[in-house]
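Following: one structure in structure tokens, then a few remarks.
Predicted, not measured: the structure shown is a model, and the values here were computed from it. Within every chain, numbering begins at 1; the chains are lettered A, B, ... in the order of the sequence lines, protein sequences first and strands thereafter. Just so you know, these numbers use all the heavy atoms, side chains as well, and skip hydrogens, waters and symmetry mates.
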Amino acid sequence: MPKTDIGPPNFREMIPEVIKKNYGRWKYHEITKPGVLRHVAESGDELYTVRVGSPRLVSVDFIRDICDIADQYCDGHLRFTSRYNIEFLTPNKKNVEPIIKAAKKIGLPVGGIGDAISNIVHTQGWAHCHSAATDSSPIVKALMDELYTYFTSMKLPAKLRVSLACCINMCGAVHCSDLAIVGVHTKIPKVDNEKLAATCEIPTVMASCPTGAIRRHPDKDVKGVVVKEDLCMYCGNCYTVCPAMPLADAEGDGVAIYAGGKVSNARKPPMFSRLIVPYLPNNPPRWPEVVDVIKKVVKVYASNARKYERMGEWIERIGWEAFFGLTGIPFTEQHIDDFTYARETFRTTTQFKW
Amino acid sequence: MAGETPKLDELEKGPWPSYVKEMKRAAKKNAAAKDLIGVQELSFNDKVTHWKHGGIVGVTGYGGGVIGRYSDVPHLFPNVESFHTLRVNHPAGWFYTTKALRNLCDVWEKNGSGLTNMHGSTGDIILLGANTAKLQTCFNELTEIGFDLGGSGSALRTPTACVGPARCEWTNINTLDMVHNLTMEFQDEIHRPRWPYKFKIKISGCPNDCVAAIARADFTIIGTWRDSLRIDQKAVREYAKGKMDIKNDIVGRCPTNALEWDEKAKKLKLIPRDCVRCMHCINKMPKAIRPGKDKGATILIGGKAPIVKGAMLSWVIVPFIKVEPPYTEIKDLLHKIWEWWDENGRPRERVGELIEKVGMRIFLKAVGLKPVPQMIKSPRTNPYVFF
């Protein structure tokens, strides 16, 4: 029998010497150039970090490649960030340029620090998930190809965090991102009552619906349910509890875009992202409609926001009416909330812009 | 392979590193990875996923950590008929030795597709695609090299923390020690799902919240301080000599007007009682301004993504707590919260949703916390009051 509950390896065995020595005693840091950090400890020791992007879905040979770089220049240590970037850490300033060169040689971009776009947090999509309403890695690849220079430079007003979840379960928790891309269904579940009777409990399926759209089948002889079309907003919670309620639909599935969220408390408190585009079609392999909107919003933000203003702070200052005007994104009935706390989003003042 | 997957091949082009190239690298060594390429192209053509709903698989002694995944087109791609995911608990702060990573690569190359995510959304190392027969062997070999599974299902999910004291001067708490300590303490809660739904603990060392704890953790721990932030006037003058417009870009952006700038004396003055510790001035002037010395954490509860009743940001329940190993007070509070939620929550009801349903007043009583004004943005406006 294998041992169980041994837990993860202790991080103390994973951190490099310079960190062991200066743990908890860092004094300040600076960004010396895009993708490079210099931390200085109370002891005077320096630690250089070179941050590089990764495609997240990688082979073991990719991991061996980055291990080779870390063995050569970082005494056999490296770390990852919460956004899948790889960080090469070294106390030796002279190793910085060789690390950058080695990373570029295997095709990895250096950047993602400061007033830049970092890597796009995303979920599994069609590569591995049963509930995906869109794919994830291809959209991220298509977007980062286009936004590449925003990763490798620091020319934005502030940091820009883009995230993607391939359904509204949001295992990537994208709901507080500067720009969030979310896979959406727009057709009601296709109920398979035969399968439902065999595999699911009807009261559980009914109770799973947050809007009460799932009702017992009116025909008493049918052991199953019906979905009231006007109450269903395609959240997919019923499908999660019962496989007989699939929502996936080649024509109906697509992508929504939200903007203006953040998690940091800097200046303004954390904010949710808000709907800016209710639906764009799934158009593999490069989702051009999605890429166009994101590029446009980033461009308008970059040229209009004030220094240090995150996307949401900028929009709050100019107002949503100005945001839709500047970006040219059409405003539709879907933008007006009709879920639980809708009234909190209705305007209760005569102050607004034309 | 060339020409068989024209849509997917398109994604090998462009400057950003290509996941398709990675899939093809793995495909050279592994038949399942090769079939995954075919499944991707099929999904591009059909515009739907080709993975079936669920399927319960696992390893002996655990109720989670492995996500069952089966293809709905096994006749076309027999090597991914079963293609399960293992969530492997990462070392705190996502630090690795290359030795540990190479061991991991060897185990995974032997037992699975050779494809991974470094890392998944929860923070785990994701080993993507093992067939049913290999799961136990893979797990056994992972434990031999010192790794264990993370959480899945209605369990405590793998706790994560920001880089903290390992490389950040802003952290107010020992995020890595705390996350490792809590992870070791709660192995049973991580590996054996028993609750109404998932429960997440995320720890950030300062209000910048680099692991998005406030947005996605049921139990959010964020480092903070009670005294005044520290200003080094000499370093302030250095910034002023440089390109920095302190009056407009620092003082002018303080959300509570807690800073004043004396242009003549080149002196930055703080009104400590007005500071809400937002981090803006510290972020922009790291050489000159630091958090205070009386450090601890704010604890918040209820953060989550939309399912089921809409997304929530965590709510303050403990404005300030000193946090020292072995973190007994935090563990006690967690046990009280779990007991109350487990007793009262419906299936698939996160703790924040339960609090919203029955009322914060009931929750605070149940876990023994006193109401304080720091918990709210404002008192109620309605007259519907319980006594």
Side-chain angles (χ1 to χ4, degrees), chain A residues 2-9 11 14-15 19 23-24 26-29 39 55-64 67 70-71 76-77 79-80 82 107-108 126 130 132 137-138 141 144-145 148 168-173 175-176 210 237 243 248 250 263-267 270 282 284-285, chain B residues 7 10-11 14-17 19 22 25-26 43-44 47-49 51 53 61 89 91-98 101-102 105 108-109 114 117-118 121 140 143 146 148 165-167 169 176 183-184 187 207-209 211-212 214-216 253 255 278-280 286-287 305-308 311 313:
Chain A
K3 277 187 283 182
T4 58
D5 302 291
I6 61 170
F11 68 96
M14 299 290 164
I15 54 180
I19 287 182
Y23 189 88
W26 296 101
K27 197 173 170 194
Y28 67 87
H29 78 275
H39 281 83
R56 186 178 96 127
L57 176 49
V58 298
S59 67
V60 288
D61 286 330
F62 176 94
I63 298 171
R64 288 173 180 139
C67 284
D71 280 338
H77 295 268
R79 80 174 285 264
F80 294 84
S82 60
L108 303 182
W126 292 337
H130 69 284
S137 297
K141 164 73 174 146
M144 288 310 284
D145 279 344
Y148 190 81
I168 63 113
N169 277 320
M170 287 192 198
C171 64
H175 53 282
C176 295
N237 199 41
V263 293
S264 149
N265 283 273
R267 298 170 304 280
N282 280 329
Chain B
K7 289 200 173 89
E10 165 60 32
L11 294 166
W16 189 253
Y19 79 99
E22 290 303 317
R25 275 177 101 176
S43 275
F44 279 7
K47 299 187 186 182
V48 287
T49 185
W51 299 103
H53 190 293
N89 202 142
W94 298 286
F95 281 96
Y96 295 92
T97 59
T98 52
L101 281 176
R102 288 182 197 278
C105 290
W108 185 230
E109 190 165 64
N117 294 143
M118 300 297 283
S121 302
N140 296 354
T143 59
D148 197 350
R167 199 205 46 198
E169 67 272 25
L176 299 184
T183 303
M184 298 310 284
Q187 283 292 297
N208 282 326
D209 195 3
V211 289
I214 204 163
R216 63 204 185 110
R253 306 301 283 279
C278 86
M279 295 297 290
H280 173 74
K287 289 180 187 173
I307 284 289
V308 178
L313 286 158

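Rounded to the nearest 0.5 angstrom, B/F95 CZ and B/L176 CG are separated by 6.5 Å. Residue B/R216 holds its CZ atom at 13.0 Å from CG of B/L313, rounded to the nearest 0.5 Å. Once rounded to the nearest 0.5 Å, the distance linking CG of B/L101 with CZ of A/R64 reads 11.0 Å. The distance from atom CZ of A/F62 to atom CD of B/E22, rounded to the nearest 0.5 Å, is 6.0 Å.
Residue with the most contacts toward chain B among A/L108, A/I63, A/N282: A/I63 (heavy-atom pairs, distance under 4.5 Å). Between chain A and the residues B/A305, B/C105, B/S43, B/G14, the largest count of heavy-atom pairs under 4.5 Å involves B/C105. Ranked by non-hydrogen atom pairs under 4.5 Å with chain A, the options B/E169, B/M279, B/K47 are led by B/E169. Interface check for chain B: of the options A/P243, A/G24, A/C176, A/S82, the most heavy-atom pairs under 4.5 Å are formed by A/P243. Put simply, of A/S137, A/C171, A/G107, the one with the most heavy-atom pairs under 4.5 Å next to chain B is A/S137. Chain A forms more heavy-atom pairs under 4.5 Å with one residue of B/A215, B/S121, B/A166, B/P91 than with any other, namely B/A166. In terms of heavy-atom pairs under 4.5 angstrom with chain A, the leader among B/P255, B/P207, B/A212 is B/P207. The greatest number of non-hydrogen atom pairs below 4.5 Å with chain A, out of B/G93, B/G114, B/A26, is found for B/G114. Most heavy-atom pairs under 4.5 Å with chain B, from the set A/N237, A/I15, A/I168, A/N169: that is A/N237. Looking only at heavy-atom pairs under 4.5 Å with chain A, the residue among B/E10, B/Q187, B/M184 that has the most is B/Q187.
The backbone N or O of A/I6 lies less than 3.5 Å from a partner atom in the side chain of B/D148, making a donor-acceptor pair. No side-chain donor-acceptor contact under 3.5 Å links B/H280 to the backbone of A/R267. Within the 3.5 Å criterion, the main-chain N or O of B/W16 finds a donor-acceptor partner in the side chain of A/D145.
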### Query
Going through the checks in order, is the side chain to side chain contact (heavy atoms under 4.5 Å, CB included) test met by A/D71 and B/R102?
CA-CA 11 Å; A/D71 280 338; B/R102 288 182 197 278; 2.6 Å; yes
### Query
What do the steps show when you test A/I19 against A/W26 for side chain to side chain contact (heavy atoms under 4.5 Å, CB included), and what is the final call?
CA-CA 9 Å; A/I19 287 182; A/W26 296 101; 4.3 Å; yes
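For a residue to count as touching a neighbouring chain, one of its non-hydrogen atoms must lie under 4.5 Å from one of that chain's; by this rule A/K3 touches chain B with the backbone only. Both the backbone and the side chain of B/L11 come within contact range of chain A, each with at least one heavy atom under 4.5 Å from a heavy atom of that chain. Using a 4.5 Å cut-off between heavy atoms, B/T183 contacts chain A through its side chain alone, with no backbone atom that close. For chain B, the nearby part of A/Y148 is the side chain; its heavy atoms alone come within less than 4.5 Å. For chain B, the nearby parts of A/H29 are the backbone and the side chain; heavy atoms of each come within less than 4.5 Å. Proximity to chain B (any heavy atom under 4.5 Å) is shown, for A/H77, by both the backbone and the side chain.
When all heavy atoms of A/W126 and B/V48 are compared, the pair lying nearest together is NE1-C, 3.8 Å.
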